[in-house]
2 protein chains.
Amino acid sequence: MSRTKARAALLQELEAAMRRSSAQGVLYGQTVANVAGIANSDLECMDILYLEGRVTAGRLAEVTGLTTGAITGVVDRLEKAGLVRRERDEKDRRKVFIAVVPETIAKLGQFYVPMQQAMEKVCNGYSDEELRLLLRFCNEGYKAVLAATEALKRLIDTPPEKRPDLKLKKRPRQS
Amino acid sequence: MSRTKARAALLQELEAAMRRSSAQGVLYGQTVANVAGIANSDLECMDILYLEGRVTAGRLAEVTGLTTGAITGVVDRLEKAGLVRRERDEKDRRKVFIAVVPETIAKLGQFYVPMQQAMEKVCNGYSDEELRLLLRFCNEGYKAVLAATEALKRLIDTPPEKRPDLKLKKRPRQS
DNA sequence: ATATATATCTTAGTCGCTAAGAGATTTAGC
DNA sequence: GCTAAATCTCTTAGCGACTAAGATATATAT
């Protein structure tokens with residue numbers, strides 16, 4: 001039993017470590033937003049724009065889980081800060097594309113340099129093969145957590161008397 | 001050069017994967033808060049209480065980065081929800097310890113079951129030795145990002161004219 | 001004993017969010 | 001084509017969580 005017990009302890013330790021490091025990653029992001037002088041959601045949207053390129057306001061709402069009204073505010077702030085531009089779609093004039101003002105990518109990017117350098121240093125202590133192992137684990141973990149999130153969300157929609165009650169406050173906000 | 005180039009690509013891919021999975025982890029937490037019907041910060045505090053046990057209000061403020069005023073609100077809500085109790089320190093009557101009401105740990109804990117099961121399944125595909133590698137990487141990464149966060153924070157305190165300017169708040173007028 | 005430090009709470013004001021619905025445009029049905 | 005419904009973004013009202021500053025209570029130092 002000592003073997004499986006050691007493994008159980010290892011799993012628990014790993015979970016704690018992952019939680020800790022993940023939380024710290026979030027904190028780094030919040031600090032970036034802070035230094036850049038923009039709100040957290042604003043930075044998240046910049047991240048999406050960086051990944052996906054030119055997207056509509058509706059798509060931002062979809063990905064972030066915010067309402068379209070909130071996105072209007074986000075884009076207002078980002079536009080006022082000169083980080084993005086609104087571009088009306090000429091094909092479908094209801095739509096508004098949000099496009100990053102190119103120069104600003106570098107301006108925001110500089111704030112990630114400290115972390116990138118730190119992580120590169122850490123990675124230097126690992127072989128290619130080890131890094132591939134990490135990559136595989138990350139990807140598998142991502143899929144697993146994504147599925148778990150969906151499973152949990154379904155609880156929201158199950159009738160309250162059918163689900164494990166906590167009798168806290170009222171209806172939680174949906175996202 | 002093909003060797004180092006491959007590694008650079010690997011590093012980049014790993015970074016993206018970590019960001020993605022980390023973000024998903026956060027989303028899972030938000031969903032838990034949603035289902036439980038409490039605010040995000042409230043759940044974060046429950047997490048800290050679970051990890052550290054009985055802690056003072058001030059300690060919560062310190063760890064979360066919130067002001068003490070905000071923590072008063074958090075604890076008010078959690079206490080009203082029956083999740084924690086305030087306990088005045090008899091040795092130093094200025095201090096207020098926040099203690100989790102024991103039964104509620106299980107109530108909140110159940111929401112983490114989907115993720116724990118999913119992650120355990122993933123971990124089953126790895127040997128003890130591989131998991132130890134993952135653990136080591138997590139811990140090293142945590143320390144690195146923590147240090148990077150501190151480094152970035154210091155930018156806030158450096159005089160604005162001395163640091164890489166973004167002049168966001170002040171409307172860089174164009175057009 | 002008085003002044004200073006520490007720990008929490010209170011208050012006023014701000015910001016970003018949601019919900020609901022208005023406005024503008026496109027698509028579908030007849 | 002013309003009307004009705006659908007789609008996409010923005011507006012408005014209200015709310016909840018946050019900060020900053022200071023009040024309150026207690027502890028420590030001189």
Side-chain angles (χ1 to χ4, degrees), chain A residues 26-27 29-31 33-34 36-46 49 54-81 83-99 156 168-175, chain B residues 27 29-31 33-34 36-46 49 54-81 83-99 153 156 168-169:
Chain A
V26 174
L27 236 159
Q30 287 177 350
T31 308
N34 225 336
I38 62 180
N40 224 299
S41 298
D42 300 9
L43 184 62
E44 193 191 344
C45 284
M46 289 301 293
L49 287 168
R54 194 163 163 268
V55 302
T56 65
R59 171 81 184 142
L60 280 183
E62 190 184 321
V63 176
T64 58
L66 298 177
T67 62
T68 60
I71 292 297
T72 299
V74 169
V75 177
D76 282 352
R77 290 190 297 270
L78 288 177
E79 197 171 38
K80 194 178 286 185
L83 294 174
V84 305
R85 263 197 311 267
R86 277 183 168 91
E87 293 173 1
R88 223 151 196 125
D89 184 358
E90 289 305 327
K91 301 272 185 178
D92 182 345
R93 297 189 47 76
R94 292 169 303 180
K95 290 185 187 170
V96 170
F97 280 107
I98 315 301
I156 301 178
L168 296 177
K169 295 214 273 185
K170 313 171 197 172
R171 281 287 288 177
R173 313 188 301 207
Q174 306 226 43
S175 77
Chain B
L27 236 160
Q30 286 177 349
T31 309
N34 240 333
I38 60 179
N40 224 300
S41 298
D42 299 12
L43 185 62
E44 193 191 344
C45 284
M46 289 302 293
L49 287 168
R54 193 163 164 272
V55 303
T56 65
R59 172 80 184 144
L60 281 182
E62 189 184 322
V63 176
T64 58
L66 298 177
T67 61
T68 60
I71 292 298
T72 298
V74 168
V75 176
D76 282 351
R77 290 190 297 271
L78 289 177
E79 197 170 37
K80 195 178 284 184
L83 295 174
V84 305
R85 263 198 309 268
R86 277 184 168 90
E87 294 173 0
R88 266 230 124 77
D89 184 359
E90 289 306 326
K91 300 274 184 178
D92 182 344
R93 297 188 48 73
R94 290 169 305 180
K95 290 185 185 170
V96 170
F97 279 106
I98 316 299
K153 268 185 185 167
I156 300 178
L168 294 179
K169 289 272 180 97

inquiry  = What is the distance, to the nearest angstrom, from the CG atom on B:L78 to the C1' atom on D:dA17?
reply    = 13 Å

task = Return each pair, listed once, that meets salt bridge (charged side-chain N to carboxylate O under 4.0 Å, His left out) where at least one residue sits in residues 59-73 of chain A; pairs must be two or more places apart or across chains.
result = A:E52-A:R59, A:R59-A:E62

N/O donor to acceptor pairs below 3.5 angstrom from side-chain atoms of residues 66-76 of chain A, sequence neighbours left out:
from	atom 1	to	atom 2	distance (Å)
A:T67	OG1	A:A70	N	3.2
A:T72	OG1	A:T68	O	3.1
A:D76	OD1	A:R86	NH1	3.0
A:D76	OD1	A:R86	NH2	2.9

Heavy-atom protein contacts under 4.0 Å, nucleotides 4-11 of chain C, coded B base, S sugar-phosphate only, - none = -BBSBBB-

task = Please list all pairs passing the salt bridge (charged side-chain N to carboxylate O under 4.0 Å, His left out) test where one or both residues lie in residues 63-73 of chain A, with sequence neighbours left out.
result = none

message = In whole Å, I'd like the distance from the CZ atom of B:R93 to the P atom of D:dT24.
response = 18 Å

ask   = Atom CG of B:D42 and atom C1' of D:dC18: how far apart are they, to the nearest Å?
value = 12 Å

task = Please report, rounded to the nearest Å, how far the C1' atom of D:dC8 is from the CD atom of A:E87.
result = 17 Å

ask   = Tell me: CD1 of A:I98 to P of D:dC10, nearest whole Å?
value = 7 Å

query = In whole angstroms, how far is the P atom of C:dT14 from the CG atom of B:L66?
reply = 20 Å

request  = Quick one: list whatever passes side-chain hydrogen bond (donor to acceptor under 3.5 Å, both in side chains) with B:R54, sequence neighbours left out.
outcome  = B:E87

task = Say whether, by atom type as modelled, one donor and one acceptor occur between the side chain of B:R88 and the main chain of B:R93 under 3.5 angstrom.
result = yes

inquiry  = The criterion is salt bridge (charged side-chain N to carboxylate O under 4.0 Å, His left out); which residues satisfy it with B:R94, sequence neighbours excluded?
reply    = B:D92

task = Please tell me which of A:R77 and A:K91 maps to the more 5' nucleotide of DNA chain C, matching each residue to the nucleotide holding its nearest heavy atom.
result = A:R77

request  = Would you kindly give the CG-to-C1' distance between B:N34 and C:dT18, to the nearest whole Å?
outcome  = 12 Å

